[in-house]
Amino acid sequence: EQRIAQMEERVRRATVIDAKDVDTGVVSVGVKVHVKDQKTGDSRKFQLVGSAEANPAENKLSHESPIGKALLGRKRGEVVSVDVPRGPAKKLKITKIEAA
């Protein structure tokens, strides 16, 4: 019953985000953000979502994850530093922000 109550509370607090209303000037929940690793040159694309929708296998990252937190509120062209569990911090350059 506790799990049902938690799910009901999530549904009550949920909001639908319309793609045409998403501001692509800054990274926020509901956007796809393209980044380039400054060390390796690898490019990746992530969709920033709420924690309930997160699925790293589908490149859907929670806004509460280390990468999500580092990217939130940033603009195209900015370089962010992301602490990772193993090794030195990653430096990611935001190359594109688009509506999901």
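Just so you know, residue 1 is the first one in the sequence shown, and it goes up from there.
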**Request:** Using a strict 4.0 Å threshold on nitrogen-to-oxygen distance, state whether D37 and K90 make a salt bridge.
**Result:** yes
**Request:** Would you mind checking if K75 and E78 are paired as a salt bridge, meaning a charged N to carboxylate O distance below 4.0 Å?
**Result:** no
What heavy-atom pair brings [X] and [Y] nearest, and what distance separates the two atoms?
| X | Y | result |
| --- | --- | --- |
| I94 | V33 | CG2-CG2, 3.8 Å |
| V82 | A70 | CG2-CB, 3.6 Å |
| P88 | V84 | O-CG2, 3.3 Å |
| S65 | G68 | OG-N, 3.0 Å |
| K93 | G77 | CE-O, 3.7 Å |
| L48 | V27 | CD2-CG1, 3.6 Å |

**Message:** So, taking the atom named OG in S51 and the one named CZ in R10, what distance separates them when rounded to the nearest 0.5 Å?
**Reply:** 5.5 Å
**Request:** Drop me the distance from R3's CZ to E8's CD, to the nearest 0.5 angstrom.
**Result:** 12.0 Å
**Residue list, side-chain contact (heavy atoms from CB on, under 4.5 Å) with S43, at least two apart or on another chain** = K36
**Request:** Would you confirm whether R76, through its side chain, and T95, through its main-chain N or O, come within 3.5 Å as a donor-acceptor pair?
**Result:** yes
**Message:** Could you tell me if the side chain of Q47 sits less than 4.5 Å from the side chain of N59, heavy atoms only?
**Reply:** no
**Message:** Are V49 and I97 linked, directly or through intermediate hydrophobic residues, by side-chain heavy-atom contacts shorter than 4.5 Å (ILVMFWY only)?
**Reply:** no
**Asked** Can you get from L72 to V31 by hopping between Ile, Leu, Val, Met, Phe, Trp and Tyr side chains that sit under 4.5 Å apart?
**Response** yes
**Residue among V80, V26, L61 satisfying side-chain contact (heavy atoms from CB on, under 4.5 Å) with L71** = V80
**Message:** List the residues meeting side-chain hydrogen bond (donor to acceptor under 3.5 Å, both in side chains) with E98, not counting sequence neighbours, and say none if there are none.
**Reply:** H34
**Asked** Is it true that atom CZ of R12 has more than 12 heavy atoms of other residues, nucleotides or ligands lying nearer than 6.0 Å?
**Response** yes
